[in-house]
Amino acid sequence: MRSVTKDNITDVFMGYVSKDTDPRMREVLGSLVKHLHDFARDTNLTHDEWRKGIEFLEGCAAIESPDRHEFVLASDVLGLSSLVDMLHSSPEATSSSVLGPFHVSGAPPLAMGGDMKRHYGGPLLLAEGVIKDTDGNPIPGAQLDIWQTAPNGLYASQDDEQDVFSFHGLMTVGADGRYAFTTVKPVEYTVPTDGPVGDILRACGRHPWRPSHLHYIVTAPGFQSLVTEIFPADDPYLDQDTVFGVRDDLVMTYVEKQASEFPDGLALSGKVNTPFLHVEFDVTLMRD
Ligand code: BEZ
Ligand code: FE
């Protein structure tokens, strides 16, 4: 097409895409370009604004590394990661929620009833529940990959003071589908703001806080893997998570209990002599 105009450029673009192109690729790329063109037309985007957008992308690329995923963070604070999660969450299963950039794969096994708190200060939390299918039957042998920040609000991968796998554990549930572990009550923390994503947050007058949470990846043969999080109902940032990760079914009450109520059979049984927090969180997985 020789006579390209601001009104026909989207159709011209689609005309350039080969008929042999994979149909899904054609659909996704075509829709992306249509929305980009509409965005430029709707906002009457200026050269300066276009350049700022390109500089933002270049800034993300410049600090991207195996430990720093600025493009993912951008997707998170723009709500895209959570929207993709919600588009593919089933109402029968536990909601999925953002993976975030701080999960370290290959955590050491955490025995049933094991403890992740170790010598760290802060309130003791006992988390337990059942991994089940959509009919409510336990899923024996399901695996739970757990991670969270230390009480200083930093993940092990962000903090030279922590071991590589501190506050990470991989638990295999028993025949009854139950899991249980102790840890420190997670704290709220900020996403990194020293890169281009921080500039966007500041430009929008937005804070960088996430409500406190425990992260889980739950897997079992024959079931869809689930990446999710648990949030305490009294967290001050619950209604303003900067990455939009909170869902109703992921908000749980952490109940304070007396030391005498601490159950038997866990790593810390017999060693708890102050009140502790308790949360019950069952996870429902969809079959493949
Ligand atoms: C996290 O929960 O670890 C997280 C999620 C999105 C962006 C940054 C951190
Ligand atoms: Fe997190």
Side-chain angles (χ1 to χ4, degrees), residues 56 59-60 63-89 94-107 110 116-117 120 122 125 127 144-159 162 164-170 181 183-202 204 206-218 225-233 235-247 249-252 254 279 281 283:
F56 170 76
C60 290
I63 60 167
E64 187 75 18
S65 78
D67 293 327
R68 183 70 190 257
H69 301 283
E70 195 73 359
F71 284 109
V72 175
L73 187 59
S75 162
D76 294 340
V77 304
L78 295 177
L80 181 61
S81 312
S82 280
L83 180 55
V84 173
D85 278 345
M86 289 185 278
L87 286 171
H88 300 285
S89 248
T94 299
S95 295
S96 63
S97 185
V98 285
L99 171 66
F102 301 121
H103 173 247
V104 184
S105 306
L110 180 66
M116 296 204 306
K117 181 173 185 289
Y120 284 87
L125 173 67
L144 192 61
D145 192 340
I146 308 152
W147 75 107
Q148 67 171 97
T149 63
N152 64 0
L154 294 174
Y155 286 93
S157 61
Q158 298 174 287
D159 187 2
Q162 293 181 55
V164 184
F165 290 119
S166 122
F167 291 103
H168 284 67
L170 196 59
F181 62 93
T183 185
V184 67
K185 181 182 190 276
V187 291
E188 50 268 28
Y189 65 84
T190 59
V191 301
T193 55
D194 56 343
V197 170
D199 294 337
I200 293 229
L201 291 175
R202 282 183 289 275
C204 296
R206 279 177 55 185
H207 69 67
W209 288 91
R210 293 218 63 205
S212 59
H213 53 270
L214 287 169
H215 288 275
Y216 288 178
I217 299 176
V218 191
S225 302
L226 178 75
V227 178
T228 193
E229 311 178 84
I230 325 177
F231 303 91
D235 193 286
Y237 292 104
L238 208 56
D239 293 315
Q240 36 180 314
D241 180 4
T242 201
V243 301
F244 310 93
V246 180
R247 315 277 175 266
D249 64 319
L250 305 181
V251 178
M252 300 288 135
Y254 290 12
V279 62
F281 178 59
V283 177

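In listed order, ligands and their atoms are each counted from 1.
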Q. Nearest protein heavy atom to atom 9 (C) of ligand 1, by residue and atom, and its distance?
A. Pro101 CD, 3.4 Å
Q. Of all the heavy atoms in His103, does at least one lie under 4.0 Å from an atom in ligand 1?
A. no
Q.
Do Arg206 and Val77 have side chains that approach each other closer than 4.5 Å (heavy atoms only, starting at C-beta)?
A. yes
Q: Find all atoms of ligand 1 within a distance of less than 4.0 Å from any non-hydrogen atom belonging to His215, and give their numbers and elements.
A: 1 (C), 2 (O), 3 (O)
Q.
Using a 4.0 Å cut-off to any heavy atom of Val191, which atoms of ligand 1 qualify?
A. 7 (C), 8 (C)
**Q.** Angle subtended at the Fe ion (ligand 2) by NE2 of His215 and OH of Tyr155, nearest 10°
**A.** 90°
Q.
I need the atoms of ligand 1 closer than 4.0 Å to a non-hydrogen atom of Phe102, numbered in the order shown.
A. 3 (O), 9 (C)
Q: Run the numbers for me: atoms of ligand 1, each under 4.0 Å from some heavy atom of Leu73, listed by number.
A: 7 (C), 8 (C)
Q. With atoms numbered from 1 as shown, which atoms in ligand 1 lie under 4.0 angstrom from a non-hydrogen atom of Tyr155?
A. 1 (C), 2 (O), 3 (O)
Q: Can you pull out the closest protein heavy atom to atom 6 (C) of ligand 1? Residue, atom name and distance to 0.1 Å, please.
A: Asp76 OD2, 3.1 Å
(Q) For the aromatic rings, using the six-membered ring if either is Trp, is the centroid distance between Phe102 and His215 under 6.0 Å? (A) no
Q: Establish, yes or no, whether a centroid distance under 6.0 Å links the rings of Tyr237 and Phe231.
A: no
**Q.** Heavy-atom donor-acceptor pair, Ser96 side chain to Ser89 backbone, under 3.5 Å
**A.** no
Q. Tell me, which N, O or S atom in His213 is closest to the Fe ion (ligand 2)?
A. NE2
Q. Counting heavy atoms only, which of Gly100, Ser157, Pro186 is nearest atom 5 (C) of ligand 1?
A. Gly100
(Q) Tell me whether His207 contacts the main-chain N or O of Gln240 through its side chain, where contact means a donor paired with an acceptor under 3.5 Å. (A) yes
Q) If only atom types and distance count, is the side chain of Ser81 paired as donor or acceptor with the main-chain N or O of Asp76 below 3.5 Å? A) yes
Q) Can you tell me which residue and heavy atom of the protein come closest to atom 3 (O) of ligand 1, and the distance to 0.1 Å? A) Tyr189 OH, 2.8 Å
Q. Does some side-chain heavy atom of Tyr216 sit less than 4.5 Å from a side-chain heavy atom of Leu226?
A. no
Q. Can you find a heavy atom in the side chain of Glu70 that is under 4.5 Å from one in the side chain of Pro196?
A. yes
Q) Should the proximity of Val72 to ligand 1, defined as any heavy atom under 4.0 Å, be assigned to the side chain, the backbone, both, or neither? A) neither
**Q.** Between CG on residue Leu99 and CD1 on residue Ile217, distance to nearest 0.5 Å
**A.** 5.5 Å
Q: State plainly whether the residues Asp194 and Arg68 are in salt-bridge range, i.e. N to O under 4.0 Å.
A: yes
(Q) Show the atoms of ligand 1 that are less than 4.0 angstrom away from any heavy atom in His213. (A) 2 (O)
Q: Tell me whether Thr149 has at least one N, O or S atom under 2.8 Å from the Fe ion (ligand 2).
A: no
